[in-house]
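As structure tokens, the structure follows; a few thoughts come after it.
All residue numbers in this chain count up from 1 along the given sequence. Quick caveat, the model's predicted, so the values are computed rather than measured.
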Amino acid sequence: MLLGPVLVLLLLGGAGPASAHAALASTDPGDGTVLRRAPAHVTLTFSESVGLRDDSFRVLDPGGHRVHTGEAGRAGGRADTARVALPGELGEGTYTVAWRVVSADSHPVSGAFTFSVGKPSRTAAPVDTGPTEDPLTAGLHKTARYLSYLAVALLVGTAAFVALCRPPDPAPLRRTLVAAWWTLLAATVALLALRAPYEAGTGPSAALDPAALGDTLTTRPGVLLLVRLGLLVPAALYLVHAARTARADRRGGRRTALTGAVGVVLAVGLALTWAAAEHASAGTQVPVAMTSSVLHLLATAVWLGGLAALLTTLRSARPAPDATTVARFSRTAFTAVTVLVVTGVYQSWRGLGSWQALTGTAYGRLLLAKVILVAVLLAAAAVSRRWTAALVTVQAAVREPARVPERVPQPAVGPPPEAPYPEAPRPTHPSRAGTGTGSVLRRGLYRSVLVEAVVAAVVLGVTTVLTATPPGRSAEEAARAAVPAGGVLPASVTTIPFEIGDSGSGTVQITLDPGRTGDNAVQAVVFGPDGSLAAVPELRLSFTLPDKQVGPIEADLRDRGGYWSANTVTLPLPGTWTMKATVRVSEIDQVSETRRIRVER
């Protein structure tokens with residue numbers, strides 16, 4: 001019943017391709033640049049740390065043939081970079097670099113860009129960067145991720161319910177614990193097998209490749225999944241021991257405290273395998289974020305898994321469960337919700353980065369949906385608390401029935417009284433007192449908890465989709481860099497032809513990066529009539545926004561030996577700007593040409 005609506009939500013909500021969480025910040029050489037000589041390396045810089053693959057780089061020459069490169073590595077030991085060495089004999093023309101890496105939160109990202117040596121080729125080599133993901137592999141991977149979330153919530157939450165709420169008969173919950181353990185084991189094995197095809201964007205049949213599985217076991221996501229599998233063994237032993245302890249009489253608080261401490265350690269260890277593989281492991285304030293993520297997952301498990309355990313107890317307990325069990329869970333759930341609110345606010349702030357991201361990004365909109373669902377869940381929980389309080393009151397009254405007036409003794413002799421004392425009613429047996437009222441209250445509590453459990457399952461589904469969505473902060477960084485779906489780092493590139501009579505002719509290629517309001521880097525390359533690089537004594541560039549009467553703003557271009565550049569030119573407003581380029585080819589000959597360019601916010 002709980003899986004049904006959430007799997008529908010999961011399939012519909014996750015039908016599109018997963019977005020990458022690491023935004024490409026820069027490339028060296030820059031996209032579209034023309035270099036006088038071949039570079040020694042290609043370096044990519046990302047917004048967060050990335051993992052490298054054996055095929056992280058493919059470099060194609062102007063004819064579309066693959067260039068032999070070195071092994072992918074890092075630049076300066078920085079985890080947010082990827083670098084590959086190029087051979088020294090690169091010829092003239094345009095080269096295409098296709099790349100594929102894995103974000104710190106375990107999601108793959110790919111793209112391509114070009115650079116030219118000497119002069120651009122007439123056409124660049126076509127390149128297929130490969131799909132970001134295979135639909136079938138992605139669907140299976142998402143399903144396994146959801147099942148792992150559901151299983152850990154049931155496993156930890158049910159165990160916590162037994163330990164903290166102490167139901168009179170925990171036997172009905174053993175089946176839930178066993179099912180949750182096996183589900184988590186199967187989901188983890190599936191995630192481990194699907195990891196290689198998920199990263200490569202290939203079909204699920206690639207999961208049968210032993211070499212690919214061996215490579216997976218050396219990566220951070222693979223190691224964390226192995227750790228999760230390893231923790232399931234002591235978790236099974238702990239559950240067996242806890243079940244025996246629950247059946248036996250209590251032998252003192254020391255043994256109970258030790259058993260509880262072992263359970264907490266195992267639960268924290270399991271939660272860490274999620275926190276270290278997802279959003280908390282990348283970005284800002286990683287240690288605080290990891291701690292918050294662990295607490296958030298454990299609080300979710302205690303509340304939502306405990307709800308399922310309470311629902312099972314209310315449904316199957318014969319006789320009806322003690323109200324004190326329900327009251328204990330109510331207090332436990334309140335504590336869990338408090339932890340959820342505190343950690344949720346922090347994680348939302350860290351993931352969003354700005355108020356605009358709340359409605360302007362997919363992550364923010366999903367977060368809003370989750371907040372609304374949690375509000376509905378809290379409303380249902382408030383109703384359950386009222387049912388719980390009423391049930392506790394009734395059972396307390398049953399244990400201390402009202403006193404019944406005693407019958408007035410009759411005198412042994414003498415005339416009978418004129419009005420005999422009426423027969424007092426027989427006292428109701430304590431086991432039957434309040435039976436009708438208690439039954440009504442239990443049914444009301446059961447329905448309320450059922451609503452909570454259904455909404456909780458949907459919340460868990462939204463959470464699963466949310467963890468596969470780029471955080472608002474990363475999405476805004478990607479938007480500022482304006483990286484398109486193919487992964488190419490764009491810039492405003494304008495080509496201006498010029499002619500100065502018999503003194504010279506050619507074109508100027510001007511790159512404005514990122515071509516948005518604020519600070520921009522400028523690079524300009526002058527080409528001669530034959531398309532080769534041309535040296536000119538002077539090149540000037542200015543920007544004017546006629547609609548707002550802004551400008552001219554001069555770009556301080558410097559000759560860099562083959563090309564001209566300015567580190568910063570500030571364009572303060574969006575709009576259609578007029579860019580004026582002045583090229584001087586001799587002491588007396590120069591020409592000015594203008595082009596209109598669009599600058600976005």
Side-chain angles (χ1 to χ4, degrees), residues 20-31 33 35 37-91 93-117 124-125 127-133 192 195-202 206-207 209-226 277 281-282 483 486-489:
H21 296 185
L24 181 62
S26 64
T27 65
D28 183 17
D31 177 39
T33 58
L35 308 175
R37 58 182 58 89
H41 299 86
V42 170
T43 304
L44 310 181
T45 304
F46 296 88
S47 60
E48 63 181 42
S49 59
V50 295
L52 302 180
R53 296 171 43 84
D54 291 340
D55 60 345
S56 281
F57 286 96
R58 285 185 296 135
V59 181
L60 305 182
D61 64 17
H65 304 290
R66 187 163 183 173
V67 176
H68 179 71
T69 61
E71 186 177 350
R74 308 287 185 180
R78 292 174 49 189
D80 61 346
T81 63
R83 168 176 283 187
V84 66
L86 298 176
E89 64 275 7
L90 290 183
T94 299
Y95 291 81
T96 304
V97 180
W99 53 268
R100 187 179 185 90
V101 296
V102 181
S103 299
D105 53 9
S106 75
H107 299 282
V109 49
S110 61
F113 68 96
T114 64
F115 68 91
S116 300
V117 177
V127 59
D128 180 11
T129 62
T132 301
E133 61 181 24
L192 193 59
R195 186 70 214 169
Y198 177 68
E199 288 186 1
T202 57
D209 183 4
L213 180 60
D215 292 339
T216 296
L217 298 181
T218 62
T219 64
R220 184 166 62 93
V223 170
L224 289 171
L225 289 171
L226 276 181
S281 64
V483 179
V488 180
L489 180 67

At their closest point, which heavy atom of [X] faces which heavy atom of [Y], and how far apart are they?
X: Pro197; Y: Ala207; value: CG-N, 4.0 Å
X: Leu52; Y: Gly73; value: CD1-O, 3.4 Å
X: Ser56; Y: Val101; value: OG-CG1, 4.2 Å
X: Ala112; Y: Trp99; value: N-NE1, 3.6 Å
X: Leu90; Y: Ala38; value: CB-CB, 3.7 Å
X: Val67; Y: Leu60; value: CG2-C, 4.2 Å

Practice problem: Give the intermediate values and the outcome of side-chain contact (heavy atoms from CB on, under 4.5 Å) for residues Arg195 and Val102. | Solution: CA-CA 11 Å; Arg195 186 70 214 169; Val102 181; 3.8 Å; yes
Quiz item: Can you list the residues that meet the ring-ring contact (aromatic ring centres under 6.0 Å, His included) rule with Tyr95, with sequence neighbours excluded?
Solution: Phe115
Exercise. Could you grab the distance from atom OG1 of Thr45 to atom CG of Asp28, nearest 0.5 Å is fine?
Key: 8.0 Å
Self-check item: side-chain contact (heavy atoms from CB on, under 4.5 Å) between Thr27 and Val42, worked out
Solution: CA-CA 7 Å; Thr27 65; Val42 170; over 6 Å; no
Is a side-chain N or O of [X] found less than 3.5 angstrom from the main chain of [Y], in a donor-acceptor match?
X: Thr216; Y: Ala212; answer: yes
X: Asp31; Y: Phe113; answer: no
X: Arg100; Y: Glu199; answer: yes

Self-check item: Under the side-chain hydrogen bond (donor to acceptor under 3.5 Å, both in side chains) test, residues paired with Ser116 that sit two or more places apart
Solution: Thr94
Exercise. Quick one: which residue pairs count as a salt bridge (Lys or Arg N to Asp or Glu O under 4.0 Å) with a foot in residues 69-82, not counting sequence neighbours?
Key: Arg78-Asp80
Residues which pass side-chain contact (heavy atoms from CB on, under 4.5 Å) with [X], listed by chain and number, not counting sequence neighbours:
X: Ala75; result: Thr43, Thr81, Arg83
X: Leu224; result: Arg220, Ala276, Ala277
X: Leu213; result: Leu192

